[in-house]
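These numbers come from the heavy atoms of this one structure, side chains and all, not from hydrogens, waters or symmetry mates. Numbered from 1 within each chain, the chains take letters A, B, ... in sequence-line order.
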Number of protein chains: 2
Amino acid sequence: MKTYRQYCALARGLDLVGDRWTLLIVRELLSLGECRYSDLQRGLPGIASNLLAQRLREMEDSGLVRRTALPRPAHATAFTLTARGAALQGVVREFVKWGAPLMAADEAQDTFRAHWLMLPLRGLCRDNEPHSGRVVVRVGTVDDGCDITADSGTVHVAPSHPAVDPVATVTGDSAALVALFTGQLPLEASSSSGLLIDGDAAAVRRIIGGMPTAPNESPLNRSAQGGPTKDGGPR
Amino acid sequence: MKTYRQYCALARGLDLVGDRWTLLIVRELLSLGECRYSDLQRGLPGIASNLLAQRLREMEDSGLVRRTALPRPAHATAFTLTARGAALQGVVREFVKWGAPLMAADEAQDTFRAHWLMLPLRGLCRDNEPHSGRVVVRVGTVDDGCDITADSGTVHVAPSHPAVDPVATVTGDSAALVALFTGQLPLEASSSSGLLIDGDAAAVRRIIGGMPTAPNESPLNRSAQGGPTKDGGPR
DNA sequence: CTGGATCCGGGAAGATACTG
DNA sequence: CAGTATCTTCCCGGATCCAG
């Protein structure tokens with residue numbers, strides 16, 4: 001992208017990550033961690049192959065991404081965020097918060113990947129049974145999804161891992177998934193709304209952020225960092 | 001911009017504000033409040049006239065900007081952020097924090113407007129004499145700058161206003177201004193660093209965030225929301 | 001004077017095919 | 001698997017012109 005040539009922190013930031021697709025690449029690396037080229041392609045439907053290669057090169061040059069060679073298979077490469085790249089988390093988090101209301105509109109032709117829910121889910125999920133032991137709930141599949149681990153009050157959201165055996169798996173329609181985790185769709189109504197809950201439904205209930213949706217405010221707007229938020233909400 | 005066609009809050013957010021110049025227009029409206037077309041042109045050096053008009057139309061269509069007719073002069077228009085547009089403050093704030101380290105590199109040919117400092121300054125300034133009465137320090141000029149008001153512990157940063165008579169005015173080299181307010185340039189050294197302080201230097205000292213710069217962390221990285229400042233946002 | 005519209009050249013993005 | 005090559009399309013940038 002052409003630089004704005006403005007001595008301004010916002011403009012200089014946009015000089016680096018304002019290009020089309022760049023922030024979505026950051027989303028993938030922030031969610032999935034270390035990625036192969038083909039992982040990124042799968043997580044970024046619609047991107048042209050040459051563009052992905054070009055962006056990765058630019059991001060490497062500007063110190064946001066690190067490229068490492070994998071031992072096997074041959075010609076395998078891994079892409080990771082540098083500390084500087086990972087520092088974009090705050091930007092992405094605010095963007096997700098701001099964009100949350102846009103998820104209400106259901107453009108049917110939009111593609112969906114279950115692992116895109118990871119970033120919002122990190123702010124949405126709670127352990128409603130802080131005195132119970134470890135359970136894992138999977139959203140999506142092994143190939144595309146995430147494992148939500150609740151353990152004595154803490155919650156962790158990680159990419160689906162084959163070695164993990166979840167006690168419950170939630171799959172189904174994208175809009176219904178969002179509605180479920182934002183509390184707009186009660187768990188009981190899930191089966192009639194394009195959602196399939198396989199396994200221990202109680203485990204699913206345990207991790208769903210239970211707060212009732214205030215009018216005009218999506219739960220996605222809560223701080224994704226947890227803790228005693230003094231946040232005054234969006235201004 | 002072409003939509004990403006992804007059912008993801010980040011992607012949908014970028015569909016609306018990911019276009020070139022859009023977030024910089026938000027910066028102007030967030031800093032300055034109500035703006036005329038020509039105000040925006042002055043604050044966005046480098047933008048083509050047609051592009052500014054097109055962006056404003058798009059932002060109006062997507063509910064980020066409101067256009068109102070001014071009584072005089074004839075055919076004068078005012079552009080303002082809607083609540084939804086102003087809600088981008090969090091995104092912009094995080095972007096400014098992330099971009100702060102990029103201000104160290106001094107690309108001499110980058111243009112500079114003093115009012116671009118307003119957003120960072122809202123997080124940077126403190127009232128170091130909470131028991132003193134109201135003083136106003138101007139950074140920049142009446143035409144392009146901001147008035148920093150300290151009053152019994154609170155700080156407000158507003159666009160320069162002709163009716164205001166500051167007790168001190170700080171002007172000078174852009175990099176030196178940044179260094180001064182990030183605490184990297186002591187006030188005493190200012191005169192030899194391309195900075196001109198006109199008036200009551202003690203008032204300037206009063207509002208400068210005094211913390212010594214920790215290694216690897218710019219003071220710009222402090223939360224811009226911090227403290228009990230019931231900041232009502234722009235305007 | 002303010003707030004645009006119009007035209008055009010260059011370059012970035014998009015689509016697809018191909019390769020070490 | 002991880003890209004490159006090539007072609008097309010369309011957005012951006014710069015200049016100029018125009019209506020109220």
### Query
Using 4.0 Å as the upper bound for N to carboxylate O, is an ion pair formed by A:Glu58 and A:Arg55?
yes

### Message
In the structure I gave you, are the side-chain heavy atoms of A:Leu24 and B:Gln6 within less than 4.5 Å of one another anywhere?
### Response
yes

### Rounded distance (Å) that lies between atom P of D:dA2 and atom CG of A:Leu56
11 Å

#### Entry: d(CG, A:Leu23; C1', C:dA13) in whole Å
17 Å

### Query
Under the 3.5 Å rule, do the base of D:dG3 and the side chain of A:Ser49 count as making a donor-acceptor pair?
yes

### Task
Round to a whole Å and report the spacing from CG of A:Leu52 to P of C:dT16.
17 Å

### Task
Send over the distance from A:Ile25 CD1 to D:dG3 P, rounded to a whole Å.
12 Å

### Task
Would you kindly compare A:Tyr37 and B:Ile47 by the position of their nearest DNA chain D nucleotide and give the one closer to the 5′ end?
A:Tyr37

## Note on the structure
A:Leu51 CG to D:dA2 C1', in whole Å, measures 15 Å

### Query
How are the rings of A:Phe79 and A:Tyr37 set relative to one another: parallel (under 30°), tilted (30 to 60°) or perpendicular (over 60°)?
tilted

### Task
Please report the closest heavy-atom contact between B:Val17 and B:Leu64, naming both atoms and the distance.
CG1-CD1, 3.6 Å

### Residue met sooner reading DNA chain C from 5', once A:Gly46 and B:Asp39 are mapped to nucleotides
B:Asp39

### Query
Between atom CZ in A:Arg55 and atom P in D:dG3, what is the gap in whole Å?
15 Å

### Query
Does A:Trp21 have a side-chain nitrogen or oxygen under 4.0 Å from the phosphate oxygens OP1 or OP2 of C:dG14?
yes

### Task
Let me know, please, whether A:Arg67 or A:Asn50 comes out on the 5' side of the other along DNA chain D by nearest nucleotide.
A:Arg67

### Message
Distance to the ring centre below 6.0 angstrom and angle to the axis at most 45 degrees; does that hold for A:Arg12 and B:Trp98?
### Response
no

### Task
Output yes when at least one side-chain N/O atom of A:Arg57 is less than 4.0 Å from OP1 or OP2 of D:dT4, else no.
yes

### Task
Take the protein atom CG of B:Leu24 and the nucleotide atom P of D:dG13, then report the distance between them rounded to whole Å.
11 Å

### Message
Measuring to OP1 and OP2 of C:dA12, would you say a side-chain N or O of A:Arg20 lies under 4.0 angstrom away?
### Response
no

### Task
Could you check which of D:dC1, D:dC12, C:dA13 has an atom nearest any side-chain atom of B:Gln54?
D:dC12

### Query
Picking from D:dC1, C:dA15, D:dG3, which would you name as closest to the side chain of A:Ala48?
C:dA15

#### Entry: Atom pair distance, as rounded to whole Å: CZ in A:Arg42 and C1' in D:dG3
15 Å

### Task
Would you tell me if any nitrogen or oxygen in the side chain of B:Lys2 comes within less than 4.0 Å of OP1 or OP2 on C:dA12?
no

### Message
By nearest atom, which of the nucleotides D:dC12, D:dG20, D:dA2 is closest to the B:His75 side chain?
### Response
D:dG20

